[in-house]
Amino acid sequence: MTAPTPVTPPVTPDVLTIPRKQPDGGKRNLVGLPRDAMRAALIEMGTPEKQAKMRVGQIWAWIYERGVRDFDQMTNLSKAYRAELAETFEITIPEIVRKAESEDGTRKYLVRIAGGHEVETVYIPEEGRGTLCISSQVGCTLTCSFCHTGTQKLVRNLTAAEIVGQVMLARDDLGEWPEPGHHPKNETRLLSNIVLMGMGEPLYNFENVRDAMKIAMDPEGISLSRRRITLSTSGVVPEIARTAEEIGCLLAVSFHATTDEVRDRLVPINKRWNIEKLLEALRAYPKLSNSERITFEYVMLAGVNDSDEDAHRLIELIRGIPAKINLIPFNEWPGTEHKRSSNNRIRAFADIIYKAGYASPIRTPRGEDIMAACGQLKSDTERERKSRRQIEAETGAA
Ligand code: SAH
Ligand code: SF4
């Protein structure tokens, strides 16, 4: 491996994730364990191998289909077995410490995780569906110049339990665990979609994001279709193929610029994997059906990336990739140097793209009054900031 540049420090989940296995004496959390790991844990506890698969099925359904967190309520298990489970394991998800509700119905949860750190999770109700925007890291190693999270140092990766736990705590808050005998159907769900667009770069926490999304997709549990999960990356090229193979969810890419010179400044990971390398990885993404196009996210920054020439260049660049372009009006945050493009400019840009045959929806900012909109998330209580010098060095801003 070549030596990492400061743009993309060597973030490995093993270093930054708190251990999955509790130290001796502590109870191990069952939440976040993939089925095979749960099976191994039950066998280690003394469950006969022949029974282990069935026990996983039972416990899995209680936790992920019913939302049960107390072994005593698992009434299809014997009392003795329940007691044994309770002595060895726990079923724990992160805690909501504060909840804010926007005028438009958007809910922002401040979520406390082990170690006293906090991340934000946002629920966005829409006509006929509801999307949960979840975080994958506390802070971010990257320093995209327009992103509030980018001003906060990476504290650590979230565990798989903390990632799928955000889905579970939102279902708690929405009162959406089904009654016994009912299996959730997508059409009627308040929480019907997941976007990995909260704090952090999900592809720098690959294994935990994968395990958490596999759990969310499992048909015997939360049971969300892979087509209802979208992972957004700033462009961690080597992990893009793996995303298709190992998770199989939809992909969104934070594109945001049409020349390397501008993208180097806005999305500094571009210095490591430039536009050409990124597009190459996207072209190799398995052939997608029309409903499974790659989403190109494009934040509209006045005078920076929003000209007609940019729109034309964008069309040329993405030629041949099944794509839709999601234009995101920039959401301001305290201290930012950027300004949102005017509505007319955004519309003119969208028009050029639309006429070239691509869907070009303009994302309506949601929850702005509670600082819940895209790119505004940042833990209030997290004091560790990147220094201005570090941000300037990494974004190339003079
Ligand atoms: N780290 C991942 C996912 C989190 S950011 C990524 O960068 O893709 C989710 C989306 O919000 C990204 O497209 C990001 O570029 C965008 N975003 C960040 N800050 C923003 C802001 N202030 N206004 C609008 N969109 C923003
Ligand atoms: Fe990190 Fe994404 Fe924000 Fe860039 S846009 S700083 S990758 S969270």
Side-chain angles (χ1 to χ4, degrees), residues 7-9 11 119-122 124 131-155 157-158 163 194-206 209 229-237 239-240 243 249-257 263-273 278 282 294-302 304-306 324-341 346 361-368 371-379 385-386 390-391 394-395 397:
V7 179
T8 50
V11 180
V119 291
E120 292 180 329
T121 307
V122 179
I124 307 144
T131 302
L132 193 71
C133 177
I134 63 183
S135 293
S136 55
Q137 300 183 311
V138 187
C140 189
T141 48
L142 302 170
T143 52
C144 301
S145 65
F146 49 85
C147 174
H148 205 199
T149 310
T151 64
Q152 186 185 329
K153 275 189 177 168
L154 178 74
V155 177
N157 281 338
L158 298 193
I163 298 169
I194 295 176
V195 292
L196 281 146
M197 295 185 186
M199 297 165 67
E201 169 49 62
L203 295 189
Y204 274 146
N205 186 12
F206 189 90
V209 166
I229 300 177
T230 304
L231 182 151
S232 175
T233 180
S234 57
V236 185
V237 164
E239 306 289 355
I240 287 178
T243 305
C249 60
L250 302 189
L251 189 68
V253 175
S254 293
F255 210 65
H256 305 323
R263 196 162 190 271
D264 278 352
R265 272 193 289 134
L266 298 183
V267 188
I269 200 175
N270 195 67
K271 294 182 202 159
R272 179 85 172 257
W273 295 291
L278 176 57
L282 299 178
I294 292 174
T295 301
F296 283 73
E297 295 164 289
Y298 199 95
V299 64
M300 298 298 290
L301 304 170
V304 176
N305 63 357
D306 62 349
K324 80 169 175 207
I325 290 84
N326 199 179
L327 300 176
I328 316 175
F330 172 61
N331 296 307
E332 298 197 358
W333 39 269
T336 178
E337 57 177 305
H338 295 294
K339 291 252 168 304
R340 180 184 290 186
S341 308
I346 299 177
I362 300 169
R363 196 181 286 175
T364 319
R366 299 289 302 265
E368 278 180 298
M371 285 281 286
C374 290
Q376 292 185 325
L377 304 184
K378 184 173 186 300
S379 155
R385 294 190 187 189
K386 286 170 183 154
Q390 185 186 358
I391 292 171
E394 293 182 14
T395 58

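Count residues from 1 along the sequence. Worth knowing before you read on, the calculation uses all heavy atoms, side chains too, and leaves out hydrogens, waters and symmetry mates. Counting starts at 1 for both ligands and their atoms, in listed order.
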Problem - Pair E337-S145, side-chain contact (heavy atoms from CB on, under 4.5 Å): steps then yes or no - result: CA-CA 8 Å; E337 57 177 305; S145 65; 4.0 Å; yes

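For the ligand labelled ligand 2, residue S254 lies outside the 4.0 Å heavy-atom shell. The closest approach between G198 and ligand 1 falls below 4.0 Å for a heavy atom of the residue. By the 4.0 Å heavy-atom criterion, C144 is excluded from the residues contacting ligand 1.
T121 OG1 to M199 CE: the interatomic distance, rounded to the nearest 0.5 Å, is 9.5 Å.
Nearest residue to atom 14 (C) of ligand 1 from S232, P365, S254 is S254 (criterion: closest heavy atom). Here atom 15 (O) of ligand 1 lies nearest to H256 when heavy atoms of E297, H256, M199 are compared.
Under a 4.0 Å criterion applied to the non-hydrogen atoms of G200, ligand 2 contributes the atoms 8 (S). Every atom of ligand 1 with a heavy atom of W333 under 4.0 Å away is listed here by number and element: 22 (N). In the vicinity of F330, heavy-atom distances shorter than 4.0 Å reach the ligand 1 atoms 21 (C), 22 (N), 23 (N). Applying the 4.0 Å criterion to heavy atoms of I328 picks out, from ligand 1, the atoms 24 (C), 25 (N). Interface of G150 with ligand 2, defined as ligand atoms under 4.0 Å from a residue heavy atom, comprises 6 (S). Taking every non-hydrogen atom of G200 and a distance limit under 4.0 Å, the qualifying atoms of ligand 1 come out as 1 (N), 2 (C), 3 (C), 4 (C). Less than 4.0 angstrom separates some heavy atom of S234 from each of these atoms of ligand 2: 7 (S). Below 4.0 Å from some heavy atom of C147 lie the following atoms of ligand 1, by number and element: 18 (C), 19 (N). Every atom of ligand 1 with a heavy atom of T233 under 4.0 Å away is listed here by number and element: 6 (C), 8 (O).
Among the atoms of C140, an N, O or S atom falls under 2.8 Å of atom 1 (Fe) of ligand 2. Not one N, O or S atom of C144 sits under 2.8 Å from atom 3 (Fe) of ligand 2.
Among I362, D306, I328, the one residue that satisfies the side chain to side chain contact (heavy atoms under 4.5 Å, CB included) test with M300 is D306.
Using a 4.5 Å heavy-atom threshold, the side chains of F330 and T336 count as touching. Counting heavy atoms from C-beta outward, T295 and L250 have side chains that stay 4.5 Å or more apart. Between W273 and V236, some side-chain heavy-atom pair lies under the 4.5 Å cut-off.
In the model, N331 has a side-chain atom that pairs as donor or acceptor with a side-chain atom of R340 under 3.5 Å. With hydrogens and angles left out, the side-chain atoms of T233 and E239 include no donor and acceptor closer than 3.5 Å.
Smallest separation of non-hydrogen atoms from V209 and S136: CG2-CB, 3.9 Å. In terms of heavy atoms, P268 sits closest to C144 at CD-CA, 3.7 Å.
In this structure a side-chain-to-backbone donor-acceptor pair under 3.5 Å is missing from N270 to R265.
In V299, the part holding a heavy atom less than 4.0 Å from any atom of ligand 1 is the side chain.
Of the N or O atoms in L196, none lie within a sub-3.5 Å distance of an N or O in ligand 1.
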